[in-house]
Amino acid sequence: MVERTLPKRYDPSTLETLRYAEWRQCGYFHPLAGDGPEPYTIVIPPPNVTGVLHMGHALNNTIQDVLIRHQRMKGRRALYLPGTDHAGIATQNVVERELAADGKTRNDLGREAFVDRVWAWKEKYGGEIHDQLMRLGISCDWERVAFTMDERLSHAVREVFVRLYEDGLIYRGEYIVNWCPRCKTALSDEEAPKRDQPGKLYTIRYPLAGSDEHILVATTRPETMLGDTGVAVHPADGRHGHLVGQVAVLPLVGRELPIVADDFVDPEFGTGAVKVTPAHDPNDFWIGDRHNLPCVNVLNPDASMNEQVGRFEGLDRFEARREIVEALEVEGSLEKIEDHHHAVGHCYRCDTVVEPYLSDQWFVRMEPLAEPALGAYRAGRLKFSPSAWGKTYEHWLENVRDWCISRQIWWGHRIPVWTCENGHEFAAREDPKRCPECGDRELSQDPDVLDTWFSSWLWPFSTLGWPDQTEDLETFYPTQTLVTASEILFFWVARMVMAGIYCTESSPFTDVVINGTVRDDHGLRMSKSAGNGIDPREMIDQYGTDALRYTLVTLVPTGIDLKLATDDFKVGRNFANKLWNAARFVFLNTPEEFEPQPIEEIDRGSLGDRERWLLQRLDETIVAVDGHLEAFRLDEASNGLREFLWHDYCDWAIEWSKTDLDGPSGDTVRSVLLGVLERGLRLLHPIMPFVTEELWQRLPATTRTGESIMIAPWPEATGWDFALESDRVALLREVIVAARNLRSGYEVPSSHKAPLVIVVDDGEDRVALDRHAADVARLAGASEARVVAEAPSENGLVSRVVRGGVEVAVRLADLIDVERERERLTTESGRKQRQLAAVRSKLDDAQFVAKAPEQVVAREREKAADLELAIDRLDELLQTLSPR
RNA sequence: GGGCGCAUAGCUCAGGGGUUCAGAGCACCUGCCUUACAAGCAGGGGGUCCGUGGUUCGAAUCCACGUGCGCCCACCA
């Protein structure tokens, strides 16, 4: 027998971990592949193995878990697939920092030993993020946990690389890439985001060979001038046209620079002439390419100046910049220095300013892959929520550029390309023993590894066994919903669609839900370095997982950013506690031997208005919450549940029940309260899994089915038709609120139980209200409530008119202040008259009556009638209100 | 330079392809330890829905322009 006497407060601290372990042990997180119910799959956006849980994860994974739990309860085979990403550069950096603490570099260890060391690190710390994710209560299938460097996933990476290679979609070449001099590797364009920052624009005078003339060129990076191999002007530029074909002389170096005409040059910008540095600028690279200008690389991989630059050799790029500017000044070649804001790329892992750098790298040709990815979106096979993100997706794919996939680091998937001694290059799925062309056995593998995202883009299917046609793949792929942050739309989402279609001929998911960025209460992005982050673990410790989840889900709107303060989590905690206490009340009033009737089986005749109203509200809530969850509107779902559980169930249904529980209808009321609570818990379970399970387990066994709420069926609307009763209850509530309002307006002491008079013309309403007279009295703090047809002619009453002209009067006798009452009634009457005037002017407008929908006109007529009634009543009251 | 988005109560935000839409939570004010809950109960104040035009019988809601923010993309040295 489960203990049903609850403590006064909900304490999540120990319950949550125990419950989580139990769920896991029961295998609820682990759906079986093969034949069975319709599957529903979400793959986790794999956090970095180096990661720690932050609010972004908390938000992202909570959303996923709410969707998964909802679908699981709806009977689908819900698979929430967890895992982590090896995060090439980030992880390598962590381990290198560790080495540096011992004064060592990765080269001291050598490649193999270093990679072993990273694996060891991963084994030791890589599971931490999993433990942390479990604290969020997410119902991941931990038996299917994946890691991007797993043998299985690595196999998929190889397969895709080789396919692309064989299809001619992968190529290698010397191009300008984003180079991080600290990580000493190439980066993709996405990994080197540009940031606007202040800088200088230096204008330098380049003399013309054999002439006194010179040409002015401008640059933001003077140190690269040492690598200049030309000067370009626009072909139609009158000022410089005569110079084309001549030769300029590079200051400090003396190299001769041909002056060429190229369309790229913007004659409007700067001096209209551009120094061409093919090895250090992507534009210059292509100008150089078009005009056969040589490339002179002046930088070492660590961005110090190399042997090409004579006396500047060995200087860091920024030192070199200063010294070169100084030298130019001394030489008289520096024309001017201006302030200049420009966009500079930064390494997304270490924030170092990246250098456009000429090097030999591997690329994926993106256009052929982008085409079908675009098609899937345009055909509606891929949807975004909020839908506006689709445009961003489209825009990126339309302007997609080739993807640099090679990284000069050691931690990652090694590029599966080998070269034999005879120079034959080939890609292979399995490590080759000999050259397939000449049989040579001396093979060398490309030293580089692949971009981390080259494995991430396969995630939705590599985790399920692809390229093998596994049962998992057949059952759970394609997945349904992908939930992620907008920051990785290009990095990850778009590429997954491309890879999915390329490898499996199907978009890997149908819905992309974009969640907002979590910011602090000043609107700043939360980050460790800024120190403004709210640690989800702290919030969980303080308020519980359910509180964290509820607050996140409630505050997260449609994917725009959300601002969070620690106090916001109290809201979730309070709600959990409220629910706990509601159940506590119901349990306290459920005798041990009581056997509740399922609500569908209760004899309708025994249901009172208030029970009918509650059941009607339950039905409405079921439909609304389900719809909101299906539409990814978790905030609306959560608000609807709060409204129903707190304000309908607790504030009214429970309060009402206090009049009845010990009376003749007590058992019916009890059964309804239990039945509605049980369904309410189920509805809330996806959002607040723990407290709902705790309470659900304590319900009488006959009220629930199954061993856990998380595998209980999702509630279905019964289809009661209790509109009439609901309407009566609405009036009942209005009457009670009006009475309370009157008392509070007069500051009546709570001890003063003034009698209440309710004046109702309408016979049916009178009968209905009369049935609840005792309730009204109790809830309004009155000694008794009388329902009458005609207003009593007596002094000492204060009144208010609610809808249908129903008057609510409290007998305050000598507490009453006639003048004040007169004033209040006059104001009220005036307000209603103004409203009436507005409504009438609408109704008098022939255009309105003719063109507005009938329903709207009818509603206005009702409104007018109701206002007239109220005004009449108010005027009557004013007349009978005699001054003392 | 392009693209996208946002401006509603003191704060955080819902809403809206037209007519009970002027809302919620928090904060605030007043009164309550009413035996489920003070992490609570009851009542209350508070907004020319950014500005200006337009469409319409009717606009916070649709359109245009403007203003102010934010984000993304981009080869202006």
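FYI, side chains are in, hydrogens and waters are out, and symmetry mates aren't considered; it's all heavy atoms of this structure. Proteins get letters first, then strands, A, B, ... in listed order; numbering begins at 1 in each.
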Could you please name the option among [options] that lies closest to any side-chain atom of [X]?
X: A:Lys194; options: B:G5, B:A36, B:C75; answer: B:C75
X: A:Asp266; options: B:G2, B:C37, B:C76; answer: B:C76
X: A:Pro853; options: B:G43, B:U19, B:A36; answer: B:U19
X: A:Arg633; options: B:A14, B:A77, B:G43; answer: B:A14
X: A:Ala218; options: B:C73, B:A77, B:A38; answer: B:A77
X: A:Asp651; options: B:A39, B:G15, B:C41; answer: B:C41
X: A:Arg584; options: B:U19, B:C26, B:C37; answer: B:C37

Would you mind classifying the nucleic acid contact of [X] as base, sugar-phosphate or nothing, using non-hydrogen atoms under 4.0 angstrom?
X: A:Lys851; answer: base
X: A:Ile654; answer: base
X: A:Glu636; answer: sugar-phosphate
X: A:His628; answer: nothing

Both A:Ala273 and A:Asn741 contact RNA chain B. Which one's nearest nucleotide lies toward the 5' end?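 Closest to the 5' end, via its nearest nucleotide, is A:Asn741.
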Does [N] have its OP1 or OP2 closer than 4.0 Å to a side-chain nitrogen or oxygen of [X]?
X: A:Lys391; N: B:G3; answer: no
X: A:Asn639; N: B:G25; answer: no
X: A:Asn399; N: B:A74; answer: no

Measure all distances between protein nitrogen or oxygen atoms and nitrogen or oxygen atoms of nucleotides 28-35 of chain B, and list the pairs falling under 3.5 Å.
none

Verify, without hydrogens or angle tests, whether A:Tyr206 (side chain) and A:Ser333 (backbone) share a donor-acceptor contact under 3.5 angstrom.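 Not a single qualifying donor-acceptor pair exists.
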Looking at the rings of A:Phe384 and A:Trp389, which for Trp means the six-membered one, are their centres under 6.0 Å apart?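 Not under 6.0 Å, so no.
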Using Watson-Crick and G-U wobble pairs whose two distances are both under 3.5 Å, how do you write the pairing of RNA chain B as dot-bracket, with | for links to another strand? (((((((..((((.........)))).(((((.......))))).....(((((.......))))))))))))....
